[in-house]
Amino acid sequence: MPNRQRRAALAITMGAVLGLAGALAAGPVLAQAALRTDLVVGMRLEPPHLDPTAGAAAAIDEVTYANLFEPLTRIDAEGKVVPGLAEKWEVSADGLTYTFHLRKGAKFHDGTDADSADVKFSLDRARGAESVNAQKGYFAAIAGVEAPDARTVVVTLSRPDGLFLFHMASGDAAIVAPESAGANKQTPVGTGPFKFERWVAGDRVVLVRNPDYDGAKPALERVTFRFISDPAAQVAALKAGDIDSFPQFDTYEALPQFRDDGAFTVMVGTTEGETILGTNNARKPFDDLRVRRAMAHAIDRKTLIDGVLFGNGAAIGSHFPPHRAGYVDLTGLYPYDPDKTKALLAEAGLPDGFETTLRLPPPIYARRSGELIAAMLAEVGIRVKVEPMEWAPWLEQVFKGKDYDLTLIAHTEPLDIDIYGRPDYYFNYRSERFNAVGAELDRTQDSAKRNALYGEQQRILAEDAVNGFLFMLPSATVQKSAVQGMWVNRPIQANDVTGVRWK
Amino acid sequence: MTGFMKRLRRLPVSLLLGGLLTALVVGAALLSLVWTPFPAEQVRVVARLRPPGPVHWLGTDHFGRDALSMILVGARNSLAVGAAAVALGALLGVPLGLAASAWGRWGDEAVARLGDLLFAFPAVLTAILLTAALGAGAVNVVLALGLFNAAVFARVARGAALAVWRRDFVRAALALGRGPLSVTLVHVLPNIAGVVIVQGTVLFAVAVLNEAALSYLGLGIQPPSPSWGKMLGDAQTFLFTAPLQAIFPGAAIAVTVLGLNLLGDGLRDALDPRHRSAGLL
């Protein structure tokens with residue numbers, strides 16, 4: 001009997017506790033009736049530091065671009081150049097003088113004015129001899145920067161640069177202050193609508209709304225970027241509700257289950273990532289055009305896109321994204337045809353195929369594509385040894401050292417077809433024809449003419465079968481259905497949350 | 001027949017069970033030499049991530065490769081790497097251990113310190129270091145695991161041999177004027193064979209496990225050749241959509257390692273003279 005009584009007492013206590021807990025829980029539930037003003041964004045990789053003017057890692061821009069730092073101009077969700085720190089600008093008729101007019105109330109997060117002296121400092125720093133900027137080439141055409149008054153910056157170029165405004169909109173061209181620039185890697189100070197709060201290494205970076213921002217105030221008060229590299233953990237974190245939005249979600253096989261779940265929205269958009277089978281054009285047998293064309297005929301892009309991206313991606317026939325003006329569809333130039341491959345190989349004196357090595361960087365698209373391409377090439381007698389690598393040795397040996405036969409990588413910088421004209425690039429490709437068109441591009445401002453020239457460049461690359469042109473890396477975003485305003489496409493490496501709100 | 005049954009019944013259970021499981025894996029490996037349901041490397045993306053069924057008995061992976069075929073060929077690859085690593089270890093380690101036991105103090109010290117040096121790094125770490133330096137691949141995995149095994153074999157052989165050297169019949173042989181090499185080969189080696197074989201099966205299991213771990217990390221057997229570890233690594237991202245694709249290679253690894261360990265335990269019991277005298281055999 002006493003035992004039963006005790007049990008009853010226990011049950012009552014438990015009930016009371018549960019009831020209390022319920023009442024307490026109801027508090028936040030009611031509070032949530034008001035729209036949330038915080039957002040947790042999932043990212044695959046943690047940035048090495050937070051200074052976009054001193055590093056190539058995409059993760060830096062994916063935290064800071066447009067949120068924390070502002071360049072003079074900006075790229076918007078559609079890929080267009082829009083005002084950034086400069087509210088307007090004029091370009092002289094000869095294309096050599098750019099006059100930028102800065103926003104009147106712009107301030108850095110430490111309270112100091114963001115004026116023309118800061119712009120001059122930022123641009124001179126980026127193009128200077130000691131610059132550690134990852135894209136020094138963007139600033140190479142600048143001959144001088146002047147600041148006639150606090151709100152005006154005049155940039156003169158030594159030669160016309162058709163992409164100047166585009167490049168000035170990149171994170172690499174973010175405007176920083178001389179007083180704080182040195183410490184931006186750990187405690188970034190910018191002019192954007194969000195300011196840095198804290199960085200928990202290995203876990204997250206937190207930004208909070210900048211109350212003194214002179215432009216439109218964002219709806220969000222606090223944004224947390226959380227870093228989860230493991231695909232299974234990404235899925236779990238989304239399902240558990242720990243992540244509100246996961247842009248650049250590359251576990252494509254998990255997309256259907258989120259599509260089927262009403263609590264989530266899945267968006268698949270485009271990126272600037274041309275994914276290529278990088279080929280060392282200087283090495284035998286790839287120095288033979290017939291061999292490169294033979295390989296192009298051996299790769300079935302449709303199977304590749306199905307197998308690697310689960311159908312979420314567009315095929316390409318040259319180094320240019322289909323969503324951009326100036327694109328020419330060259331995917332039909334080398335249709336999948338193993339017999340044709342064998343014929344071309346025989347013509348090149350390799351009737352029994354050959355052996356080669358495919359060195360793969362870590363991303364999952366690269367590893368999977370590499371494995372599939374190795375299987376496809378095996379069918380035509382090209383025996384591929386697959387060699388997975390970590391990022392550091394890949395960058396050192398393949399990208400910088402050019403010590404490779406084949407590799408597989410997505411080139412994610414926008415409008416980067418000019419890399420084929422760089423004299424010392426890892427493809428070891430040289431074409432006077434291509435370079436001549438490139439020189440004309442630099443002299444041309446008219447967009448219709450530019451597009452025609454881009455088309456010509458694409459054709460040259462496709463005809464030379466410089467690399468295996470495979471597909472555009474898609475940009476999938478998985479998020480809670482109530483999140484609005486995240487970018488669908490990735491015209492630039494960024495997670496711009498300034499326009500994001502809950503509904 | 002009855003005598004055979006009786007003897008069989010007297011064998012340790014672990015030996016029987018371990019032998020059975022190991023035979024199963026060896027059988028699968030041998031089978032893969034003559035038959036697999038599909039070519040193990042055949043990619044068919046349209047048929048990817050199929051659940052187990054009449055066509056693909058264990059389903060297919062993310063590239064539409066037949067999981068059963070990959071498991072069978074994976075058994076062959078796994079056993080080949082394990083066997084090679086153990087053989088390399090025994091060939092290097094046993095003579096070294098025997099030599100150490102015969103050479104007296106200085107040789108003994110040298111071999112023991114060499115062993116300490118190798119033991120200072122776990123086998124997997126040594127293998128990762130080596131594959132990082134020499135490149136990923138089955139040969140380098142065998143090399144790394146073989147080196148580690150050599151140290152274990154040397155230590156075990158040395159310890160067992162030292163005990164044998166002190167026995168009366170060895171002293172008698174030495175007194176009769178036999179040289180150390182002859183005594184080692186005729187008397188010491190046969191008496192430590194049991195210990196070495198038991199150690200071999202245990203190291204075999206460890207090598208299979210380590211190979212799987214390295215292949216999981218992408219450092220072991222390279223695609224297109226299938227390996228259990230790689231299958232496990234690939235299946236990891238599909239845990240939510242096709243969990244069985246992770247379970248099959250995992251089970252294959254578990255069965256192999258369990259079988260070899262039980263076999264080792266059983267062999268130890270069966271070969272240990274102390275157990276024999278206690279009437280366990």
Side-chain angles (χ1 to χ4, degrees), chain A residues 229-239 249-258 260-261 300-311 357-379 383-390 392-393 397 403, chain B residues 38-50 59-66 69-70 128-129 131-141 214-227 229-247 250:
Chain A
S229 57
D230 179 60
Q234 292 168 2
V235 174
L238 275 162
K239 293 237 153 184
F249 183 81
D250 68 346
T251 312
Y252 306 109
E253 57 272 22
L255 294 181
Q257 57 173 314
F258 286 114
D260 294 344
D261 189 333
D300 179 4
R301 290 196 198 88
K302 183 173 181 322
T303 298
L304 205 58
I305 292 166
D306 279 349
V308 177
L309 307 172
F310 287 70
T357 306
L358 171 57
R359 310 188 86 176
L360 300 174
I364 200 158
Y365 73 79
R367 295 280 165 97
R368 284 188 186 160
S369 302
E371 216 177 309
L372 270 180
I373 285 176
M376 289 174 192
L377 292 178
E379 278 178 32
R383 297 169 296 280
V384 180
K385 186 171 166 276
V386 175
E387 195 181 312
M389 301 177 89
E390 290 306 312
Q397 294 168 29
D403 176 18
Chain B
F38 290 83
E41 298 166 12
Q42 181 186 294
V43 166
R44 269 183 72 231
V45 171
V46 282
R48 67 162 163 246
L49 296 176
R50 292 263 164 88
T60 59
D61 77 347
H62 60 293
F63 287 156
R65 291 176 294 205
D66 182 60
S69 308
M70 291 175 80
I128 289 175
L129 284 173
T131 48
L134 302 177
V139 175
N140 291 334
V141 169
L214 290 166
S215 296
Y216 170 87
L217 295 172
L219 299 171
I221 294 166
Q222 290 305 307
S225 205
S227 77
K230 171 96 175 26
M231 289 177 76
L232 207 53
D234 284 343
Q236 193 188 350
T237 56
F238 301 95
L239 266 184
F240 288 91
T241 36
L244 286 176
Q245 287 310 314
I247 288 174

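Numbered from 1 within each chain, the chains take letters A, B, ... in sequence-line order. Every heavy atom of this structure was used, including side-chain atoms; hydrogens, water molecules and symmetry mates were not.
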**Request:** Find the distance between CD1 (A/Ile364) and CG (B/Asp234) and round it off to the nearest 0.5 Å.
**Result:** 8.0 Å
**Prompt:** If you measure from CD on B/Gln222 to CG on A/Leu358, what distance do you get to the nearest 0.5 Å?
**Reply:** 11.0 Å
**Prompt:** Have B/Thr241 and A/Gln257 got a donor and an acceptor in their side chains that come within less than 3.5 Å?
**Reply:** no
**Item:** From CA spacing to verdict: side-chain contact (heavy atoms from CB on, under 4.5 Å), A/Glu371, B/Lys230
**Value:** CA-CA 12 Å; A/Glu371 216 177 309; B/Lys230 171 96 175 26; 2.7 Å; yes
**Prompt:** Do you know the tightest heavy-atom contact between B/Gly218 and A/Pro388?
**Reply:** O-CG, 3.2 Å
**Request:** Quick one: pull up OG1 in B/Thr237 and CD in A/Gln234 and give me the separation to the nearest 0.5 Å.
**Result:** 10.5 Å
**Request:** Please look at A/Thr303 and chain B and tell me whether the side chain, the backbone, both or neither of the residue comes under 4.5 angstrom of a heavy atom of that chain.
**Result:** both
**Prompt:** What's the shortest heavy-atom distance between B/Phe238 and A/Arg368, and which atoms?
**Reply:** CZ-NH2, 3.3 Å
**Request:** Under 4.5 Å heavy-atom distance to chain B, tell me which part of A/Leu304 shows up: side chain, backbone, both or neither.
**Result:** neither
**Message:** Please check this pair: side chain of B/Arg48 against backbone of A/Asp306, looking for a donor-acceptor N/O pair closer than 3.5 Å.
**Reply:** yes
**Prompt:** Checking A/Arg367 against chain B: side chain, backbone, both or neither under 4.5 Å from a heavy atom?
**Reply:** neither
**Prompt:** Would you call B/Gln236 and A/Asp230 a side-chain contact if the rule is heavy atoms closer than 4.5 Å?
**Reply:** yes
**Asked** Side chain, backbone, both or neither: which part of B/Leu219 has a heavy atom under 4.5 Å from chain A?
**Response** neither
**Asked** Which bit of A/Ala232 comes within less than 4.5 Å of chain B, counting heavy atoms only: side chain, backbone, both or neither?
**Response** both
